[in-house]
Amino acid sequence: MIELEGVPELIDPVMVAAFEGWNDAGDAASTAVAHLDREWKGEVFAALDAEDYYDFQVNRPTVWLDGGARKITWPTTRLSVVRIGGDKPRDLVLVRGIEPSMRWRSFCNEILGFAHELGVEMVVILGALLGDTPHTRPVPVSGITSDPELARTMDLEETRYEGPTGIVGILQEACTHAGVPAVSLWAAVPHYVSQPPNPKATLALLNRLEDLIDLRIPLGELPEDARAWQLGVDQLAAEDSEVAEYVQTLEEARDTAELPEASGEAIAREFERYLRRRDGSGPGGHATDGGEGSSYLRDTASGRTRPPLPPRPERDTDTETDAGHDADAGTDDEADTGTGSGTDADTGTDAVTGSGTGAGRATGEEPGTDGPAPAGPGTGGDAGAGGRTDTGPDSGGECGADRPGGD
């Protein structure tokens, strides 16, 4: 039996976990949990014994100096707890570590032991994979579960994946067999710019988590970091015509696949999030530091926040059509600022940032399954492409293909 000292009785606790390694493309998932821990000042209450689960030749310990004394930090998985105030306070149990090298079943049983002792109501595991997705569009985030009832009630995809899996898939199945509701959220990271960090993917995971557990998450500087990241990749891609052409091919494939699904569902989800931040409803800390009266609306394409637009004057239909804007798609003039890639006159969609088609939408589909994936440029150029990374189930890459729709 696990004995916990110094941990108070938790209020409606949800466990949020992420692991560095195979299931963490661009470090997007582990950075998301680190962000929660930092913003809410999590207190570590337990750490798993590194000797039991890690190969130190694969994950080496680090030596550091503390006032002249040498100390060692061992790779492990740590658990912390954060209490979110507000009208309806609740607690999160954060699990952050490295994918274990061995004894995965014992590892999952130990995590579940903590969940049982703490009265955890649901486990949410964050992951990120490499996919054929353009960096200029909203990051696709898929919600996956093995529980058919949970899939129906929470608008999630029921997994049908078969193939190699990582600790995210194993822990999710362990939760299911133990009767603990479990969900995994997967962000798709562009394979041609897979180097960490990827603040845009981290932001997308936090937005999806916010919707899933009805919790207002303070974003700090993350939206601005995401915007700066995208602009930086835009500039690098523009310097290599082959990469720029490949990105355009991915954009066209993405827009063609998702245009029919740019329905009111994604727009309504984003509007609900905006209202939650404006009114301060729901548990959680302040989403911005703007103070009272400084409500912000997230630009779903770039990940930044900005003041809500004033009401627009009445305009006739012909004027709106000529401007290339679709009022139902929720695009506006500011979406084109700083992108430098022009607009698509047929759809009113910014060629770099997108119009929010499919924004925040969990597709549950494997990137590129709607048709043959376009061939990558195969460059190691300035855009950080590094060539086409194999994202198939047989990939042995560090951030391999434990895909949405999979374990």
Should the pair Glu158-Arg160 be classified as a salt bridge under the 4.0 Å nitrogen-to-oxygen rule?
->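 Looking at Arg160 together with Glu158, the answer is yes, because their closest N to O distance falls below 4.0 Å.
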
N-O pairing of Arg152 and Glu149 below 4.0 Å =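 So Arg152 pairs with Glu149 through a salt bridge.
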
Indicate the atoms forming the closest heavy-atom contact of [X] with [Y], along with that distance.
X      : Y      : value
His191 : Tyr246 : NE2-OH, 2.7 Å
Ala50  : Pro75  : CB-O, 3.1 Å
Leu150 : Pro181 : CD2-CB, 4.2 Å
Gly143 : Leu185 : CA-CD2, 3.7 Å
Glu9   : Asp91  : O-OD2, 4.4 Å
Ala204 : Val141 : CB-CG2, 3.6 Å

4.5 Å side-chain heavy-atom contact, [X] and [Y]:
X      : Y      : answer
Leu48  : Phe114 : yes
Arg96  : Arg78  : no
Tyr192 : Leu250 : yes
Trp40  : Pro218 : yes
Met15  : Ile111 : yes
Val183 : Asp147 : no
Pro100 : Asp52  : no
Arg38  : His35  : yes

Measure the [atom1]-[atom2] distance between [X] and [Y] for me, rounded to the nearest 0.5 Å.
X      : Y      : atom1 : atom2 : answer
Arg227 : Leu222 : CZ    : CG    : 14.0 Å
Glu117 : Leu10  : CD    : CG    : 11.5 Å
Glu43  : Leu94  : CD    : CG    : 11.5 Å
Asn59  : Ile98  : CG    : CD1   : 4.5 Å
Leu171 : Glu99  : CG    : CD    : 11.0 Å
Gln172 : Ile167 : CD    : CD1   : 12.0 Å

Closer than 3.5 angstrom, by distance alone: can the side chain of [X] be matched with the main-chain N or O of [Y] as a donor-acceptor pair?
X      : Y      : value
Asp225 : Pro199 : no
Lys200 : Trp229 : no
Ser30  : Gly97  : no
Ser80  : Gly42  : no
Asp24  : Ala29  : yes

Residues Leu206, Leu36; criterion side-chain contact (heavy atoms from CB on, under 4.5 Å); working and verdict | CA-CA 9 Å; Leu206 291 175; Leu36 297 176; 3.9 Å; yes

Of Val33, Leu212, Leu92, Leu205, the residue whose pairing with Val124 passes side chain to side chain contact (heavy atoms under 4.5 Å, CB included) |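 For Val124, the side chain to side chain contact (heavy atoms under 4.5 Å, CB included) check succeeds only for Leu212.
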
Any chance you could lay out the side chain to side chain donor-acceptor pair (under 3.5 Å) test for Trp186 and Ser184, step after step, and finish with the verdict?
-> CA-CA 6 Å; Trp186 288 94; Ser184 60; 3.3 Å; yes

Residue pair Leu219, Glu39: steps toward the side-chain contact (heavy atoms from CB on, under 4.5 Å) verdict | CA-CA 8 Å; Leu219 300 177; Glu39 290 293 326; over 6 Å; no

Can you list the steps and then say if Met154 with Thr145 is a side-chain contact (heavy atoms from CB on, under 4.5 Å)?
-> CA-CA 10 Å; Met154 302 192 74; Thr145 183; over 6 Å; no

Does the side chain of Arg254 pick up a donor-acceptor pair with the side chain of Thr133 at under 3.5 Å?
->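 Their side chains do contain a donor-acceptor pair, which is all the 3.5 Å distance test asks for.
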
CD (Glu245) with more than 12 external heavy atoms under 6.0 Å =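 No, the 6.0 Å shell around CD holds no more than 12 heavy atoms from other groups.
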
For the pair Leu209 and Ile217, evaluate side-chain contact (heavy atoms from CB on, under 4.5 Å) and give the outcome as yes or no after the intermediate values.
-> CA-CA 9 Å; Leu209 177 65; Ile217 297 175; 4.1 Å; yes

When the ring planes of Tyr53 and Phe107 are compared, do they come out parallel, tilted or perpendicular, using 30° and 60° as the limits?
->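 Perpendicular, since the angle between the ring planes exceeds 60°.
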
